[in-house]
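What's counted below: heavy atoms across the whole structure, side chains too, no hydrogens, waters or symmetry copies. Quick note on labels: first sequence line is chain A, next is B, and so on, each numbered from 1.
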Amino acid sequence: PCRDTARALGSSPASLAPCRIMPVRWSRYNPSYLEPEVKKESYQKPLEELTEEERELMELKAVRPIKAAPPTLSSSVFSDPMISKFTNMMMKSGNKVLARSLMSQTLENIKRKQLEKYHKAPENEKETIECNPYVIFHQALKNCQPIIGLSNITKGGKTYQVPVPLTDNRKRFLAMKWLITECRDNKHRRTMMPEKLSQELLLAFNNEGPVIKRKHVLHKMAEANRAYAHFRWW
Amino acid sequence: AKHTEQHEGRLYNIPLEEVNAVFPHGLPHRFQQQIRTFNEARVMVRRPALELLGYLKGSNLRHPAVRYVIYGERGTGKTMTLCHVVHYCSKQGWLVLHIPDAHLWVKNCKELLQSSYNKDRLDQPLQASVWLKNFKASNEHFLQEIKTQKKYMWGKRESTEEGRPLREVVEQGLARARSACDAVGVLLRELKLQSHRGSFQLLVAVDGVNALWGRTTLRKEDKSPVCPEELTLVHNLRKMLRNDWSGGAIVTTLSQTGSLFKPSSAYTPQELLGKEGFDALDPFVPIPVPNYSPREFESCYSYYLERKWLQHEKARTEDGKAELQFLSGSNPRQLDRLAGPL
């Protein structure tokens with residue numbers, strides 16, 4: 001009944017506060033809603049330091065409604081968007097608690113392995129060993145990202161694999177997907193996920209390992225199919 | 001380890017050889033991992049431990065043994081306090097009877113044998129033999145000196161004569177798994193009788209003492225539940241915890257994490273021990289263990305920074321430190337878990 005009245009009035013569900021309807025997935029907010037501000041620094045600035053535009057923005061925020069903050073958005077100094085994306089991809093059937101604990105155990109595992117190596121290494125090699133798990137994670141993902149991808153284009157009844165440039169988002173997605181599928185499929189049944197993931201990440205950091213091989217195979221296929229590149233029309 | 005109140009909040013180092021000798025089985029799992037990663041064992045000196053050490057130093061060994069119960073919320077460092085006290089006493093030359101976790105004896109037991117000594121009771125050969133092995137590793141030289149005072153029969157053909165060193169009793173228990181629990185009982189009885197004389201001081205350190213008076217998850221073959229009294233190990237340990245002997249001290253820890261059928265918010269002795277346990281342990285000295293004070297938190301934080309455990313760049317800033325303090329609530333276990341991935 002509430003939703004019918006909303007549709008009759010002609011506005012989207014989320015803009016009607018008194019009717020308690022939960023926003024459904026992919027619901028569209030009324031364009032008058034503004035994004036929530038998460039950074040602590042913006043709230044600590046005194047009024048005099050604000051420029052004209054920022055003062056206008058503050059006044060607007062006092063009047064307009066604000067969208068609900070999604071649960072992944074956090075104001076903690078330790079939050080990292082790539083890590084949260086990776087955790088979301090590892091999550092199965094909405095079990096974010098488990099995915100997040102697996103991620104933290106993976107980072108701890110990487111740190112422990114690197115620290116053990118660090119303490120056993122002789123003095124001159126100590127600086128080359130990287131102990132920060134976040135740096136290793138980012139570098140490993142960067143090493144796994146393909147430069148060029150293949151897409152299926154049908155021309156004259158036959159489908160060809162055509163080399164195609166990839167957007168940044170697509171590259172990041174492919175790197176994370178390959179890492180996760182590699183860990184899930186090709187390992188011994190009894191090893192734990194943090195163990196497998198930390199091993200894979202360390203190998204990818206040094207440009208070794210099965211994920212890097214898969215990236216090279218893709219590059220070679222794209223190089224081999226260079227002749228069909230002109231089939232692309234975008 | 002001569003620590004006074006000035007040392008509160010600082011961390012002291014235990015050399016690795018001593019760690020293996022004194023604690024074959026006592027340390028918590030995460031602490032053992034930390035020892036392996038940092039290549040050293042560092043224990044923080046805290047107020048409850050200092051209090052306990054003061055009492056132990058001033059205790060008169062002629063009087064019956066005083067019982068100390070360490071209690072506190074989850075993850076505040078009760079087991080580490082116990083380990084600190086155990087290390088101090090072993091350094092002073094006391095005989096340490098350290099039971100790492102009494103909860104392991106009342107749950108998840110694969111083999112239950114009927115005891116040969118007493119028809120009603122049940123034996124646990126696995127747990128008893130594991131404990132005997134660790135006890136032998138930690139107290140080698142004492143076993144040589146102390147002699148038995150009675151003749152003990154293990155089954156029809158084997159027996160230990162009067163006046164033999166206790167080491168033979170232990171080896172008998174290790175060799176024959178069936179009589180391992182009886183060997184433990186004999187050991188405890190001998191130590192109790194002989195500590196009167198004053199040739200050695202005895203420290204009984206039990207972690208998770210509330211397991212001895214609760215319920216068990218074990219069942220007999222006809223699926224009826226087992227009471228803790230029916231287990232030989234528990235029965236002998238209870239006799240040990242009664243303070244009718246002199247020449248030492250009893251230090252125990254309550255633990256909710258391993259306890260059976262108790263709510264997770266329970267941490268006081270009244271709730272965790274139950275009526276039976278509280279009456280049995282009745283005249284005891286309670287020692288509460290609180291969360292980290294600001295000074296202790298700072299010392300722990302700077303230790304992690306110095307050992308390069310906190311690798312995140314933001315963790316070194318003031319904001320990061322304030323966030324860690326807020327998120328962990330100054331609870332040692334939470335801080336350890338949070339600082340892991342960072």
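Interface residue B:Ala315: backbone and side-chain heavy atoms are both found under 4.5 Å from chain A.
Counting non-hydrogen atoms of neighbouring residues, nucleotides and ligands closer than 6.0 angstrom, the NZ atom of B:Lys262 exceeds 12 such neighbours. At most 12 heavy atoms of other shown residues, nucleotides or ligands fall within 6.0 angstrom of atom CZ in B:Arg215. Annotation for B:Arg307: atom CZ counts as buried by contact number, over 12 foreign heavy atoms lying within 6.0 Å. Heavy atoms of other residues, nucleotides or ligands lying less than 6.0 angstrom from NZ of A:Lys61 number more than 12. B:Lys133 NZ: 12 or fewer foreign heavy atoms inside a 6.0 Å radius. The neighbour count for A:Arg170 CZ, taken as heavy atoms of other residues, nucleotides or ligands under 6.0 Å away, does not exceed 12. Environment of CE in A:Met192: sparse, with no more than 12 heavy atoms of neighbouring residues, nucleotides or ligands closer than 6.0 Å.
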Worked verdict on A:Glu108 versus B:Arg337 for salt bridge (Lys or Arg N to Asp or Glu O under 4.0 Å): CA-CA 9 Å; A:Glu108 198 180 327; B:Arg337 292 211 156 210; over 6 Å; no
side-chain hydrogen bond (donor to acceptor under 3.5 Å, both in side chains) assessment of A:Asn132 paired with B:Glu313: CA-CA 9 Å; A:Asn132 192 339; B:Glu313 315 79 43; 3.1 Å; yes
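Looking at heavy atoms from C-beta onward, B:Gln311 lies in side-chain contact with A:Pro133 at the 4.5 angstrom threshold. The shortest side-chain heavy-atom distance between A:Arg112 and B:Phe38 does not fall under the 4.5 Å cut-off. Using a 4.5 Å heavy-atom threshold, the side chains of A:Tyr134 and B:Leu342 count as touching.
In this structure, A:Lys120 NZ and B:Asn39 CG are separated by 7.0 Å, a value rounded to the nearest 0.5 Å. To the nearest 0.5 angstrom, B:Asp319 atom CG is 9.0 Å from A:Phe78 atom CZ.
Between B:Lys308 and A:Leu115, the closest heavy-atom pair is O-CD1, 3.8 Å.
A side-chain N or O of B:Glu323 and one of A:Ser76 form a donor-acceptor pair less than 3.5 Å apart.
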